[in-house]
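The structure under discussion appears below in the form of structure tokens.
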Amino acid sequence: MRRASRPDAWSEGTQRLFAPENWKHYAAGVAAEIAYAAALIAVAFACAVVAELILR
Amino acid sequence: MSIKPSRDDLLVIGKYTGDVVTGVGLLMALPLLTALVFAEWDAALDFALSLLLCLAFGSAARLVCRTTRPMGWRHGFVVASSSWIWATVLGALPYHLSGHTGSYVDALFDTMSGLTTTGLYLLQDLDHISMALNMWRHVLTYAGGQGIVVIALTFLFKGTSGAYAVYAGEGKDERLLPHVVHTARAIWLVSLVYLALGWTVLSSVGIALGQSPRTALFDGLWMFMGGWSTGGFAPRSYNAYWYHSLTYELVAAVIFTAGSLNFALHWAVWTGRRSEIRKDIETVSMATTFTLATLVLTGLLARVGVYPDALSLFRKTFYHVLSGHTTTGWMTIYSKHFVTQWGQAGMFVIALVMMIGASAASTAGGIKGLRVGIIVSALAHEMRRTLAPETAVLKQRYHHIKTQIATEPVVRAALLVTLMYVAMYLIAALVGVLCGYDLSSALFEGVSAGSNTGLSCGVTDPSMPTVLKVAYIVFMWLGRLEFMSVFALIGFAVTVVRGR
């Protein structure tokens, strides 16, 4: 008797990672992370302007 | 009494170490292909030989170490640390065969630096190395950023009970998904999405700056790999300074900042919990220490008048504080400028942010924002407890992916690892001083190696003493694996010799 094929859990898991409905969330996540980096850079710019105005 | 490992223990470790080395060998296919495309026949031969040797090592390990015994927790840690040694020894072959290294120690130094995403290098005549070797440098750092064990988990290990231990042993002890193999694949998903995005943007900026499409494409790829992995390798000896472009610096800074985030945080943000990025103890800790360091450094440099205007001051300070804090190590000044222009105070600020580093379970090194956050929160908690009524029950909470209670073991572990990092930084500085360098340079460079950053004030050079090269190799390894798996390897070796 042929054994019924067992679904490959790893392949299923990987397919779920790449499912089309996830990509909208991934894009929003990338945008949030870019915004975090941009905020750090903006803080540094403010520090430089303040230092320039006060200390020079 | 320590128990001597059985023959089966050794077989398990040998088998899985062989798998990881096979994975590293397969990575050499990329530079080999590059060499063939660009008709670099000498380099092609170097990589073909090295690849074959890695595959032979992996196959021999599988053949000799045949066992059905599953990998356990103890094996996992030993596999993680020993894999890094073998990957470095074999990964150094193409470097040495290229003729661009002064000795095999120099080749080992550059390979360990690449794998640990440090970015210090001893390679000679970097501007004239083959395209294939440049590809190998950046593939090493990109793979090292995700973790070579993550590579093996993704493609080679078929889910074993000790797989999580190997993963944790590489300094990434947070799961993104319940299954550790899925976690490894999710890490690759995040890295590959950023690769597509970062490569496209950097190449486009390169073309806009006047680079030929081919140069822009390769520079974009390599700079992405160096930045995302917080590695700090760049295809040219002038490092990031070569581009002389604010746009390039801003894009690069966004890439290495994203690369320095915890993969578990990436996953939380990518799966809809976007507010995590402003609530997590690691991002809050990083934003706080970054702001303080930038304030102090801009104040120092503005007072000295090194840079003519606010924009120049901003470009140099934000880039180096962020590059040091994320443990990337890209520079837009010459190494010696740290000593001659920034002075000891400026170097100390950068050394401090390098010591702290970025996020746990990321591509970055250093003590990590999570531990700094937990320790600072514990201090605040102790102060609150002192001032609170005796009957009050207070719990120390912190937010990392979810709100968690900082139990005593959590705080103790954070303190212990921090203490080990600080001890390593001090020993690194001491070794530098004993080798004849002044204290500020020895501390700066030692911290840079131990925190896997790669900023250099000029100490790292092919002519530096061999003992210092070897010491930095060990510090890079210790810093990347966060001590525990290295201690497990040492403990394992002791039990092999002295156990009963």
(request) Tell me, for A/Val30 versus chain B, whether the close heavy atoms (under 4.5 Å) come from the side chain, the backbone, both or neither. (result) both
(message) Can you tell me which portion of A/Tyr36 sits under 4.5 Å from chain B's heavy atoms? Options are side chain, backbone, both or neither.
(response) side chain
(request) With a 4.5 Å heavy-atom cut-off (strictly below), which parts of residues 264-273 of chain B touch chain A? List them by number. (result) B/His266, B/Trp267, B/Val269, B/Trp270, B/Gly272
(request) Residue by residue, scan residues 278-287 of chain B and write down, ordered by number, those that have a heavy-atom distance under 4.5 Å to chain A; if none do, write 'none'. (result) B/Thr283, B/Met286, B/Ala287
For [X], is it the side chain, the backbone, both or neither that has a heavy atom under 4.5 Å from a heavy atom of chain A?
{"X": "B/Thr257", "answer": "side chain"}
{"X": "B/Val254", "answer": "both"}
{"X": "B/Tyr319", "answer": "neither"}
{"X": "B/Leu197", "answer": "side chain"}
{"X": "B/Leu261", "answer": "side chain"}

(request) Drop me the distance from B/Ile277's CD1 to A/Glu33's CD, to the nearest 0.5 angstrom. (result) 5.0 Å
(request) Could you tell me the separation between the CG atom of A/Leu40 and the OG1 atom of B/Thr294, rounded to the nearest 0.5 Å? (result) 8.5 Å
What heavy-atom pair brings [X] and [Y] nearest, and what distance separates the two atoms?
{"X": "B/Pro308", "Y": "A/Glu52", "answer": "O-OE2, 4.2 Å"}
{"X": "B/Phe290", "Y": "A/Ala44", "answer": "CZ-CB, 3.9 Å"}
{"X": "B/Ala310", "Y": "A/Ala48", "answer": "O-CB, 3.8 Å"}
{"X": "A/Ala51", "Y": "B/Gly299", "answer": "CB-N, 4.1 Å"}

(message) Heavy-atom pairs under 4.5 Å with chain A: which of B/Thr317, B/Leu295, B/Leu322 has the most?
(response) B/Leu295
(request) Give the member of A/Ile41, A/Ile34, A/Val49, A/Val43 that has the highest number of heavy-atom pairs under 4.5 Å with chain B. (result) A/Ile41
(message) So for atom OH, which belongs to B/Tyr241, do other residues, nucleotides or ligands contribute more than 12 heavy atoms lying within a distance under 6.0 Å?
(response) yes
(message) I'd like to know whether CZ of B/Phe348 has more than 12 heavy-atom contacts from other residues, nucleotides or ligands below 6.0 angstrom.
(response) no
(message) With heavy-atom distances below 4.5 Å as the criterion, would you say the side chains of B/Thr298 and A/Val50 are in contact?
(response) no
